[in-house]
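Just so it is clear: chains get the letters A, B, ... in the order the sequence lines come, proteins before strands, and each one is counted from 1. Everything quoted here is computed from the prediction, not taken from an experiment.
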Amino acid sequence: MNEQPHFILDGRRVPFEDGQTLMTAALEAGVYIPHLCFNPEFTPHGSCRVCLVKVNGRVQAACTTPAAAGLTVQSEIEELRELRRGILQMLFVEGNHVCPACEKSGACQLQAVAYYVGMLAPHYTHFYPRHPVDASHPEAVIDFNRCILCELCVRASRDVDGKNVFAIQGRGLQARLVVNTPSGQLGATSFSIDDKAAQVCPTGTILIKHRGYETPIGQRLYDRKPISMVGDVAQVPESQGGRRHD
Amino acid sequence: MAEPMTFAQTVRDIVRRHGGLSTRLLQILREVQDHLTWLPSEALEQVAEELGLSPDKVRGVAKFYSFLYTDPRGSYDILFSDNITDRMLGNRELLHYLCERFGIGIGETRADGVVSVGTTSCTGMCDQGPAALVNGYTLTRLDRARLDRIVELVNGRIPLEQWPREFFEVTSNIRRADILLGRHFADGAAVRAVLRRGPEAMLDELVKSGLRGQGGAGYKSAAKWMACRNAPGEVKYVVCNADEGEPGTFKDRVLMQDFADLVFEGMTLCGRVIGARQGFVYLRGEYRYLLKALRETLQRRRETGLLGEAILGDPSFNFDIDIHLGAGAYVCGEESALIESLEGKHGVPRIRPPFPTTHGYLNRPTVVNNVETFAAAAKIAVEGGEWFASRGTAESKGTKLLSLSGDCERPGIYEYPFGVTVQRVLEDCGARDAQGIQMAGPAGHTVSAKQFGRRICFEDLATGGSFMVFDRSRDILDGIRNFTQFFVHESCGFCTPCRVGTSLMRDLVTKVHTGHGTRQDLEEMRKLGRIMQVACHCGLGQTAPNPVLDSLDEFPEAYERRLRSTAYEPAFDLNAALEEARQLTGRRDPGAYLNERDLLLGAMP
Ligand SMILES: Cc1cc2nc3c(=O)[nH]c(=O)nc-3n(C[C@H](O)[C@H](O)[C@H](O)COP(=O)(O)O)c2cc1C
Ligand code: SF4
Ligand code: SF4
Ligand code: FES
Ligand code: FES
């Protein structure tokens with residue numbers, strides 16, 4: 001009998017099926033590779049670069065690299081932790097992430113991944129960009145200061161909700177999440193908090209109104225266990241402190 | 001702006017002329033902007049409606065390209081090329097002078113909406129700068145006298161067609177010719193050769209020739225063509241990469257200006273070999289001035305049976321070429337971003353694999369080659385692979401076109417067999433006092449004098465063609481800082497390490513350049529550079545730190561003589577911040593100062 005094809009990840013055999021990436025195969029085998037723009041329900045994007053692994057000695061994004069038999073993949077090594085730390089630090093200085101003042105602190109995937117890779121301080125000089133907050137919608141707020149441009153809400157609204165509420169526009173550092181209405185206001189869209197787009201944000205950018213601090217800080221999703229055990233905020237049901245609708 | 005009725009009509013006409021195809025979106029937006037000077041929301045919405053696209057898609061494209069404006073711009077839009085070679089020729093002084101004459105700041109539009117002045121990345125006129133673009137058309141050899149005339153022409157609202165022709169003159173400056181530029185080529189010779197030999201035999205010649213991609217990466221052309229030929233699918237495409245965005249490179253411009261037939265012929269024979277009926281030239285927006293002549297050349301080739309249906313009377317040989325104009329985005333030179341742009345989208349590089357040879361334009365098998373690669377392929381078709389391979393080195397066959405600029409007496413195009421030394425090139429172009437060169441553009445190598453014995457070939461110093469010379473009067477760090485700014489401007493913004501890292505790097509270099517850096521900042525640059533090299537999504541971000549990393553090794557003194565003696569210097573000026581508080585509180589006592597030095601300086605009148 002033919003055995004299932006596999007690759008080696010940090011010394012472990014990870015089986016895979018045709019069409020899987022290193023990330024999806026690892027996830028299925030219960031091995032955590034840190035990530036932000038990846039969500040198993042959507043086609044891979046490859047933009048955050050947090051999921052970098054070494055494939056036969058070459059650094060590649062696990063979420064976009066097709067799994068292949070015989071590959072030797074390294075993930076939990078100091079060299080990669082340092083790389084990932086650097087990338088997390090870039091995300092933190094690019095936006096305005098004042099964790100103590102953020103409603104999602106403790107249940108934020110960005111923060112949790114930062115802890116996971118051992119990031120203690122942002123290190124680089126803060127850009128302090130000026131971004132507005134959009135509170136025009138009756139049930140949701142968007143704080144653009146915390147957006148990491150992962151495009152998950154864009155993909156969810158377009159591909160699942162069929163509403164195409166969000167888009168990323170602009171080049172380079174000018175790239176911004178925008179709301180697709182002439183006024184640019186969320187309140188003018190058909191966005192609803194039951195949308196998939198309301199359940200996928202890995203940061204505290206898209207927030208549901210009237211639900212602030214239901215769980216006290218210290219008892220939140222990633223306060224109890226590290227992200228490698230809990231998984232993505234988008235996959236954990238709301239009742240357990242995540243974003244996924246039950 | 002025109003009347004609302006005619007405005008709507010204009011947009012409709014333009015969309016119709018492009019067959020209502022969404023792949024033509026970028027071309028359509030360019031033309032709409034030509035009429036309106038910028039792209040107001042109503043125009044974008046109407047284009048979206050006519051093409052059946054969502055408005056945010058159209059706006060997303062408009063917001064991506066430097067030459068498309070979603071804010072009002074002057075009817076005369078003047079952009080100074082701001083490469084380091086333009087700066088060496090004094091472009092900043094001219095830029096300030098022109099702004100002053102118009103009474104506006106850099107990047108601003110005059111209140112009457114007639115003129116705006118700004119800067120842009122290298123426009124590929126490095127051998128005849130300082131250069132600029134006016135409404136996308138190239139101006140060369142700027143000086144104060146020319147600018148004075150331009151002020152008069154603009155203020156008199158004189159249409160561009162009536163400006164003096166010599167302002168727009170672009171010369172080819174071919175200083176050294178070898179097999180590509182030197183030997184006569186009869187139109188149709190390569191197309192006839194491939195008809196006579198057949199596609200397989202043509203591929204054999206290409207294999208024998210050893211030809212490698214001249215865009216810089218050096219991928220074997222025969223292997224690429226073969227992979228595309230063997231890829232499943234009936235419909236295939238040929239794409240000529242004439243984006244030439246690497247600062248300091250202009251050899252593709254000269255090929256398109258003087259040797260367009262050769263390039264078109266290379267594309268046509270590629271079409272025959274891989275089984276494609278359609279080819280595209282992706283011409284960088286900065287070379288807009290070439291468009292009319294190129295279209296005429298294509299038309300002439302159709303009329304003489306070298307292009308279109310039944311080429312040379314063979315009913316099975318059909319191939320045509322269309323030209324797409326870019327709109328100011330270096331990243332669109334990356335082949336998958338280029339394909340996205342050809343499809344009418346914003347130019348973010350795709351995830352690879354799959355590669356263009358199997359999933360290219362409209363997801364069909366596509367060969368993307370550089371201009372020079374196609375030109376060489378045409379020559380190989382006529383003269384044979386062995387003839388080509390007799391020149392060059394073991395791993396780099398044939399010749400290379402170098403674009404020489406900077407501190408040398410004879411800037412221009414030099415064709416050498418691969419393997420020529422840097423020293424030899426410097427002697428030939430009259431660079432007497434070079435302290436270093438930037439090879440292959442900002443993404444390439446910073447080479448100091450002790451390495452001038454190195455050879456130009458894929459085994460040693462690989463290059464797409466850019467060769468900028470810095471003599472001993474120059475400050476290398478001026479160049480490095482300019483390059484880091486280039487990458488900030490050109491990052492597509494898709495991936496984190498490039499989008500954020502390019503700015504962090506620019507800020508670190510600026511900190512040192514302005515005398516505020518410490519040894520720790522140099523270490524920081526190295527660390528950041530290493531992250532970017534391995535972590536970025538595409539070649540742009542991966543190569544962006546190269547000039548900094550290279551120059552740290554090759555020109556350490558350029559950094560070190562500017563360092564502060566302290567180990568660490570904050571990124572913000574604490575004393576300046578305190579000064580604000582002192583002014584508010586009116587305090588001047590020693591307790592209001594950080595240290596004695598600040599106190600002494602602060603007490604000075
Ligand atoms: C940021 C970036 C810019 C590029 N710009 C160009 C260019 O302007 N012209 C070009 O021929 N290749 C450019 N390339 C390389 C192309 O991706 C591709 O390798 C090349 O067009 C293939 O042609 P060749 O094999 O004939 O060299 C660029 C690559 C990157 C990453
Ligand atoms: S989004 Fe997350 S990381 Fe950012 S401020 Fe909020 S809790 Fe902190
Ligand atoms: S709002 Fe959230 S989900 Fe959307 S792009 Fe920003 S970080 Fe990603
Ligand atoms: S998770 Fe792979 S690049 Fe973002
Ligand atoms: S933004 Fe293009 S390489 Fe990252």
For A:Val93 versus B:Val500, what's the shortest heavy-atom pair and its separation? CG2-CG1, 4.4 Å
Region of A:Ile148 in contact with chain B, defined by heavy-atom distances below 4.5 Å: backbone
When only pairs under 4.5 Å are counted, which of A:Glu82, A:His45, A:Gln60, A:Arg58 shares the most heavy-atom pairs with chain B? A:His45
Top of A:Cys48, A:Ala167, A:Pro44, A:Gly86 for chain B proximity - count of heavy-atom pairs under 4.5 angstrom: A:Cys48
Working to the nearest 0.5 Å, report the span between CG of A:Leu91 and CZ of B:Arg499. 6.5 Å
Calculate, to the nearest 0.5 Å, the distance between atoms CD and CZ belonging to B:Glu490 and A:Arg171 respectively. 4.5 Å
For residues 523-530 of chain B, which side-chain donor-acceptor pairs fall under 3.5 Å, sequence neighbours excluded?
unit_1	atom_1	unit_2	atom_2	d
B:Glu524	OE1	A:His123	NE2	2.9
B:Glu524	OE2	A:His123	NE2	2.9
B:Arg526	NH1	B:Asp553	OD1	3.1

Please classify the contact between A:Leu52 and chain B as side chain, backbone, both or neither, with a heavy-atom cut-off of under 4.5 Å. side chain
Mind checking side-chain hydrogen bond (donor to acceptor under 3.5 Å, both in side chains) for B:Arg59 and listing every partner two or more places apart, or none if nothing turns up? B:Ser41
To the nearest 0.5 Å, what is the distance between CG (B:Leu508) and OG1 (A:Thr125)? 7.0 Å
Could you pull out the closest heavy-atom pair between B:Pro497 and A:Arg49, with the gap in Å? CD-CG, 3.4 Å
Residue among A:Ala175, A:Pro182, A:Gly170 with most heavy-atom pairs under 4.5 Å to chain B: A:Gly170
Heavy-atom proximity to chain A below 4.5 Å, by part of B:Ile351: side chain
Segment of A:Leu173 engaging chain B (4.5 angstrom heavy-atom cut-off): both
Roughly how far, to the nearest 0.5 Å, is the NZ atom of B:Lys57 from the CG atom of A:Asn164? 7.0 Å
Among all residues two or more places apart in sequence or in another chain, which pass the ring pair (Phe, Tyr, Trp, His ring centres under 6.0 Å) test with B:Phe487? none
Can you pull out the residues in residues 65-72 of chain B with any heavy atom less than 4.5 Å from chain A? B:Tyr65, B:Ser66
Flag the pair B:Leu504 / A:Phe127 as yes when at least one side-chain heavy-atom distance between them is below 4.5 Å, and no otherwise. yes
